[in-house]
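What you are looking at is a predicted structure, and each value in this text was computed from that prediction instead of being measured. Each ligand, and each atom within it, is numbered from 1 in the order the structure gives.
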Amino acid sequence: MSEHQDWFPVPESATKDTHCSAAEYDRLYAGSIANPDSFWAEQAKRIDWLAQPTKIGNWSYDPVSIKWYEDGVLNLCHNAVDRHVAAGKGDAIAFIFEPDEPSKPARKVSYSELQAEVIRMANTLKKMGVAKGDRVTIYMPMIVEGAVAMLACARIGAVHSVVFGGFSPEALAGRIEDCASRFVICADSGVRGGKHVPLKSNLDAALERVSGVEGVLVIEHTGDPCNMTPHRDHWYHEYGADVPAECPCEPMNAEDPLFILYTSGSTGKPKGVLHTTGGYSVWTATTFHYVFDYKPGEVFFCSADIGWVTGHSYVVYGPLQNGATSLIFEGIPSYPDNGRFWDIVDRHQVNIFYTAPTALRALMRDGDGPVKARSRKSIRLLGTVGEPINPEAWRWYHATVGEGKLPIVDTWWQTETGGTMITTLPGAHGMKPGSAGRPFFGIRPQLVDADGQVIADEGDARGDVSGNLCITHSWPGQARTVYGDHDRFVQTYFSTYKGKYFTGDGCRRDGDGYWWITGRVDDVINVSGHRMGTAEVESALVLHDRVAEAAVVGFPHEIKGQGIYCYVTLNAGEEPSAELESELRMQVRQEIGPIASPDHIHFTPALPKTRSGKIMRRILRKIAENDFGALGDTSTLADPSVVDSLIEGRRNR
Ligand code: ATP
Ligand code: MG
């Protein structure tokens, strides 16, 4: 077991030229709480407006109505692209594209080139009949054209709905139907880890299940053959060849819809989260600036797919609004080997690297070798998002990837929050492995108990308290509704605790005012009256050097109320044994206490995950309960066969 160190001060290097020191954070945060309107009016100056907003926040959580900058007029594509060209920065690099196949050449796209591409795509969409307010589904691999498609929609006021390219025809059809999308942009196929993903033929299969799609724009990427349905399907390189080279940015009201994005579905049926234009623009521009402490000329690499909100906010809109260089990676971290991320870092001199705990845990399984074989000298900041990061994985990221010298931002946020809500700021806050840190400007987190009694508010002095995480005041990047189902929006987020936004996550706050996400509230287990987050038990298991990953759920237990059921995957080359099982039990008892001693340890080669890499604990809960009939919506599972083998393992226990 490793030495525990639970406080890492701000590294010297991170204080140099920082956008935000500790004192600055305190001052800005206090101001953002005392007078949110003047704070957010000030931040709105980061971008151009066709009509300056005079009304800033106008929201209520009971009844639910959320508006920001409501009389402002702007266009996000202008702020992401045209503005920089107009300011003479057209030669700066907007995107670096790294193909799946490392031997193929990378591609650099300047802001001027990006502008020309976006205009061409925007005019092609218009030619196809797309108008302001229309929903356009984007089903693309991680290539520059995916971002171009998003920006083209934003330019003409169409509402994009990006569906991750790894989704099946069924899942795609459901998302096209849910938002009644009449237009789709896709590629012939994508490539991930050397394998072709037949996007166009998946779309054809989806369109057999859902009607109403009138136009499909197909981008030629791999050259794989496609069936083209006459009048409906158009090759971009042909159909878009002769469109005009000019296309003004549509003036958009701040509250006009910008995009719909379906959540990853780890807790239930995905929700079509709707974001609007003005607030989302300011929020992503501001969070990107502060959280990553971005300086002009730096190369930013966020490994998320544009099919997830992280890709929207921190591959495309946040970086581009800041005039940054954003890296788009087509492939996967394990191809051609587990050193791929670090090869990319060295090849493109990446300064800021942002990824998910699931990727880190997978790489950790392979040890330090692939990391140490690369220089990584250019990196100055690391980040993580998507799930609680186990302290063990955090320490590995810090010590091995960051050579013990770099700041890490552990950013807690959600599709519904549009951007980062709780995080340390690199030049301002010391770090604690496993803690997201402090609230971002304007964010007022609160912990409540099951009955809604307030346990802790941001700013009060109480330490070491846990509860359900709510946010009490709106922020510009908050989702406005669930598309076509405002009742579901109100029910899901604002009815559990009236007058508050309920995140669905459990959380602890320590005596230093640091916030620790403990996982979904549904994942909190109650053992003989002791409440504990499944994340804590998981982190104790992962501490063992033979364990790669763990997922813990509760199950009904006659005496204890709930028992603890642990699914455990081992590092490459390790085999399960009775001895290892008892070592793991001992380890949990030592780390947390005898009360947390696992009832079952179920070794498995793999865990069921969403396509964004999150563990689907609700399925694991059903299996632990021996309830194999009602597994709920499994359409977002990356590999459904994992479920069958887990059921089999459960039956044999
Ligand atoms: P669904 O809402 O459909 O169940 P989802 O919640 O997985 O799907 P996302 O919006 O992609 O969809 O994920 C947000 C959730 O991810 C958060 O509520 C939280 O549980 C988890 N999360 C994200 N970042 C962090 C982080 N840094 N630390 C801990 N948890 C995180
Ligand atoms: Mg969620």
field: Residue pair Leu425 / Val291: nearest heavy atoms and the distance that separates them
entry: CD2-CA, 3.9 Å
task: Select all protein residues for which some heavy-atom-to-ligand 1 distance is less than 4.0 Å, and list them by chain and number.
output: Thr263, Ser264, Gly265, Ser266, Thr267, Lys271, Val385, Gly386, Glu387, Pro388, Asp410, Thr411, Trp412, Trp413, Gln414, Thr415, Glu416, Asp505, Ile517, Arg520, Lys614
statement: Correct closest heavy-atom pair for Arg480 and Trp475 would be NH1-O, 4.4 Å
- request: Establish, for the pair Arg175 and Tyr262, whether the NZ or CZ atom is under 6.0 angstrom from the six-membered ring centre and no further than 45 degrees off its axis.
  value: yes
- request: Please name the pair of heavy atoms, one in Thr424 and one in Val409, separated by the smallest distance, quoted to 0.1 Å.
  value: O-CG1, 3.3 Å
message: Counting neighbours of NZ on Lys432 that are heavy atoms of other residues, nucleotides or ligands and sit closer than 6.0 Å, is the number greater than 12?
response: yes
- prompt: Does NZ or CZ of Arg509 come closer than 6.0 Å to the centre of the six-membered ring of Trp515, within 45° of the ring's axis?
  reply: yes
